[in-house]
Amino acid sequence: MRRSVYLSHPASLEHDTGSHPERPARIVAIEQELARHDWLGMERVEAPRVSAETLTAVHPARFVRGIEELCLAAEPTPVSIDSDTFVVEASYEAALRAAGGAVQLVDLLLSGEAPTGFSALRPPGHHAEPSRAMGFCLFDNIAVAAQHALDAHGLERVLVLDWDVHHGNGTSAAFHASPNVLFVSLHEWPLYPGTGPASDVGSGAGTGYTVNLPVPAGGGDALYASLLERVVAPLGLAYRPQLILISAGFDAHRDDPLADIELTESGFAALTGTMRRLAAELEVPVGAVLEGGYDLRALAASTAAMLHVLTAPDPPAAIDVPLVPEARLAAARLAEHWPALAAV
Ligand SMILES: [Zn+2]
């Protein structure tokens with residue numbers, strides 16, 4: 001029987017830089033919650049290390065070596081990369097496993113061994129640009145996994161939806177000029193890292209394949225559901241990806257200390273439902289990769305809410321989601337590059 005997969009590794013717990021919101025207890029909180037639900041029937045898989053070849057398809061070898069050397073130098077005290085990104089010696093192994101888990105997830109999805117899955121490792125990845133670690137992130141796990149889907153599986157179109165409350169500047173940078181990855185980011189605006197305005201639509205051959213959906217502080221379940229169901233889903237149908245990956249941060253939760261978006265657990269479940277319906281309609285697999293989320297209770301509950309929907313045998317039934325003005329404006333704006341959106 002094909003079962004959804006949950007990828008993890010104990011190395012995620014060793015990346016411990018002291019008092020920091022992106023901390024090992026995040027993984028513990030998620031796993032305690034899932035254990036209470038008997039892991040929702042998921043098969044637990046140990047994340048392998050990413051191979052050098054796969055990692056360097058996104059991050060130059062010199063950058064990877066630099067991260068390794070920084071980690072080696074971080075014994076016995078953490079070394080800072082920027083004002084909020086630190087490493088210890090064990091961070092390198094954790095980072096290799098975090099990227100490796102996302103890559104393994106892609107392999108399991110595309111080989112047909114798993115219908116859906118979640119890579120639950122840290123450090124997170126979506127702020128790490130090809131040659132720059134930042135924002136708690138060392139390697140861009142989901143970008144490495146998406147590139148792997150193109151290189152090793154011969155895919156031509158991957159949709160990466162990033163609903164972490166912060167703009168996924170790393171993933172955006174990795175695929176800014178590529179039509180092979182449609183990168184869609186919903187993020188609070190303005191907020192760290194300051195990139196991802198609606199006007200940034202990609203560059204060169206990738207023009208139109210970067211979609212930023214900035215959301216003002218205070219936006220919540222209704223606005224997010226409308227953007228997903230009325231903008232992202234039609235966009236996905238127009239792009240026809242062969243794989244859907246979700247940068248699943250949970251810091252847009254109303255209880256999160258780092259941002260001011262008001263999503264609830266059921267909001268995250270609804271977003272997951274939209275993506276599962278889209279995947280079912282396209283007959284492609286969908287997987288999620290952990291990004292942020294810093295209130296432990298909200299993180300654990302929201303992850304479980306997502307995974308309830310992700311691991312269910314069938315996607316939830318479609319619901320009527322009102323087109324809010326922000327979604328109407330976004331669709332009108334995107335219609336320049338995506339004519340199908342003119343009909344929204
Ligand atoms: Zn975040």
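As the structure lists them, so they are numbered: ligands from 1, and atoms in each ligand from 1.
Among pairs with a residue in residues 318-338, none fulfils side-chain hydrogen bond (donor to acceptor under 3.5 Å, both in side chains), at least two apart in sequence or across chains.
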Quiz: residues 217-225 side-chain donor-acceptor pairs under 3.5 angstrom, not counting sequence neighbours:
unit_1	atom_1	unit_2	atom_2	d
D221	OD1	T264	N	2.9
D221	OD2	T264	OG1	2.6

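Take the N/O/S atoms of D251: the one nearest the Zn ion (ligand 1) is OD2. Per residue H166, closest N, O or S atom to the Zn ion (ligand 1): atom name ND1.
The nearest N, O or S atom of H127 is not closer to the Zn ion (ligand 1) than 2.8 Å. Between the Zn ion (ligand 1) and D164 there is an N/O/S contact shorter than 2.8 Å.
Between R277 and E281 no salt bridge is recorded (no basic side-chain N to carboxylate O distance below 4.0 Å). A salt bridge does not link R297 to E33: none of the charged side-chain nitrogens sits closer than 4.0 Å to a carboxylate oxygen.
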